Amino acid sequence: MKMSLGKMIYEGKAKKVYQWTEDKNKVFLEFKDSLTAFNAQKKGSFENKGSINRDIAVLIFQYLKSKGIPSHFIERIEDRGMLVQQVEIIPFEVVVRNWLAGSTAKKLGIPEGKVLKKPLVEFYLKNDELADPFVSEDQMLMLELTTPSEITRLKELALQINQQLIQLFDQMNLTLVDFKVEFGKNHQGEILLADEITPDCCRLWDKTTQEKFDKDRFRRDLGSVKESYTEVLNRMKKIVGGQS
Ligand code: UDP
């Protein structure tokens, strides 16, 4: 497998992307041990984070695939890698909220932890220099980076992913408060779930204790970051660990 590993083409905050020499329509993702918050102003890491998050992402992609959600995932590769379809990332982060938390609760003057009557879907422009600003659908069209039918598809997929993940995390005694996903287009023009879904980009609260099991432990200096991510993986393995 390592034979096919080509040169690194991109390094992000939590992953490196490599060419896959035997097939130009595939790329290799390597999950790093680092984690960042507040547009990378806060930096940290913990041992095995890359491998824990890779395992969580693989189980989630496999679960979503079994539920009919198209994604870039192809296969898990030791020791912290994942083979995926090469996609062109659609430059909007798609956030789905089931409960209000974090900066949005603060911005709207609502206490963290308000359950929403129906899920909210929001778009943020992927632009580190601008700190990923919120964009309205009209602004997305004004930027000429997408089309009305693509926006409809992104919302539809994001809400389907939300419904499936709510059920998965519910079985793990976790509330899916909110999450961020990214989508890409493969060489055939299909829109696929891309990037990753891990505790780095979800808020997960224990249903019994309300304890946080996600990156807010790092953002807010709550401690036990590694233990929390490991607990998410262990609970997930009990529910979907048997799939391959
Ligand atoms: N999120 C993310 N990357 C970002 C922004 C948000 O993964 O660049 C995730 C975040 O972990 C949370 C959800 O998206 O699960 C909603 O985040 P929010 O907009 O509330 O931002 P925050 O409160 O973290 O500023």
Side-chain angles (χ1 to χ4, degrees), residues 10-15 29 31-32 34-44 46 49-50 52-54 56-57 60-61 64 71 89-116 118-137 139-140 154-155 157-159 161-166 168-170 172 174-184 193-206 210-222 225 228-229 232 236:
Y10 176 77
E11 178 161 9
K13 290 168 226 159
K15 290 190 292 297
L29 303 184
F31 285 66
K32 305 199 294 185
S34 51
L35 78 174
T36 63
F38 311 119
N39 203 25
Q41 287 170 44
K42 179 168 178 164
K43 295 189 171 75
F46 63 81
K49 191 245 180 186
I52 294 167
N53 263 12
R54 187 280 311 271
I56 293 171
I60 290 181
F61 280 132
L64 290 176
S71 76
I89 292 286
I90 297 169
F92 298 101
E93 297 192 340
V94 185
V95 169
V96 181
R97 302 179 193 280
N98 297 306
W99 297 60
L100 273 195
S103 58
T104 301
K106 200 170 167 185
K107 180 176 85 177
L108 300 177
I110 294 170
E112 183 162 84
K114 179 184 165 53
V115 62
L116 302 177
K118 79 186 214 345
L120 266 182
V121 182
E122 296 171 356
F123 295 96
Y124 293 81
L125 178 67
K126 268 177 72 68
N127 183 319
D128 283 342
E129 278 170 36
L130 301 176
D132 299 343
F134 173 87
V135 278
S136 69
E137 289 178 31
Q139 287 173 337
M140 292 167 76
L154 295 179
K155 284 165 82 171
L157 280 171
L159 288 170
I161 292 164
N162 185 45
Q163 284 317 311
Q164 297 302 337
L165 290 183
I166 286 175
L168 171 65
F169 286 117
D170 186 64
M172 296 161 56
L174 292 170
T175 299
L176 178 62
V177 173
D178 58 26
F179 64 95
K180 181 271 300 181
V181 278
E182 296 183 25
F183 294 92
L193 171 63
D195 193 47
E196 63 175 67
I197 302 181
T198 63
D200 276 0
C201 47
C202 299
R203 284 195 171 96
L204 301 167
W205 295 349
D206 187 272
Q210 316 307 324
E211 199 183 338
K212 299 182 198 315
F213 279 91
D214 55 65
K215 199 160 83 173
D216 274 347
R217 299 209 71 85
F218 169 70
R219 289 193 191 95
R220 303 180 188 189
D221 295 319
L222 301 174
V225 185
S228 300
Y229 280 50
V232 171
M236 195 172 284

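FYI, the numbering just counts along the sequence from 1. All ligand and atom numbering here is 1-based and tracks the order in the structure. Note that the structure is a prediction, hence the values are computed from the model and not measured.
- Counting the atoms of ligand 1 from 1 in the order shown, those under 4.0 Å from a heavy atom of Arg97 are 16 (C), 18 (P), 19 (O), 20 (O).
- Counting only distance, with no hydrogens or angles, the side chain of Asp200 and the backbone of Leu35 share no donor-acceptor pair below 3.5 Å.
- In this structure, the side chain of Lys43 does not engage the main chain of Ser34 through any donor-acceptor pair within 3.5 Å.
- Between Asp132 and Asn127, the side chains place no donor N or O within less than 3.5 Å of an acceptor N or O (distance only, hydrogens not considered).
- Under the rule for a ring-ring contact (aromatic ring centres under 6.0 Å, His included), the partners of Tyr229 that lie at least two apart in sequence or sit in another chain are Phe46.
- From Leu165, atom CG reaches atom CG of Asp170 across 12.0 Å, with rounding to the nearest 0.5 Å.
- Nearest protein heavy-atom contact of atom 6 (C) of ligand 1 is Lys180 CB, 4.4 Å.
- Closest to atom 15 (O) of ligand 1, if we only count protein heavy atoms, is Asp178 OD1, 2.6 Å.
- Set against the non-hydrogen atoms of Gly102, the atoms of ligand 1 under 4.0 Å away are 23 (O).
- Heavy-atom contacts of Cys202 reach the following atoms of ligand 1: 15 (O) (cutoff under 4.0 Å).
- For atom 5 (C) of ligand 1, the closest non-hydrogen atom on the protein side is Glu93 OE1, 4.0 Å.
- Counting only non-hydrogen atoms, the option in Arg203, Arg219, Lys215 that gets closest to atom 11 (O) of ligand 1 is Arg219.
- No cation-pi contact links Lys180 to Tyr124, judged by a cut-off of 6.0 Å to the six-membered ring centre and 45° from its axis.
- The salt bridge (charged side-chain N to carboxylate O under 4.0 Å, His left out) check on Lys106 picks up nothing, with sequence neighbours excluded.
- Nearest to atom 7 (O) of ligand 1 among the protein's heavy atoms is Cys201 CB, 3.0 Å.
- Against a heavy-atom cut-off of under 4.0 Å, Asp200 is close to the following atoms of ligand 1: 7 (O), 11 (O).
- Looking only at heavy atoms of the protein, atom 25 (O) of ligand 1 is closest to Ser103 OG, 2.9 Å.
- Under the 6.0 Å distance and 45° angle rule, Lys107 counts as a cation-pi partner of Phe134.
- The Asp132 neighbourhood of ligand 1 comprises atoms 8 (O), with distances under 4.0 Å to a heavy atom of that residue.
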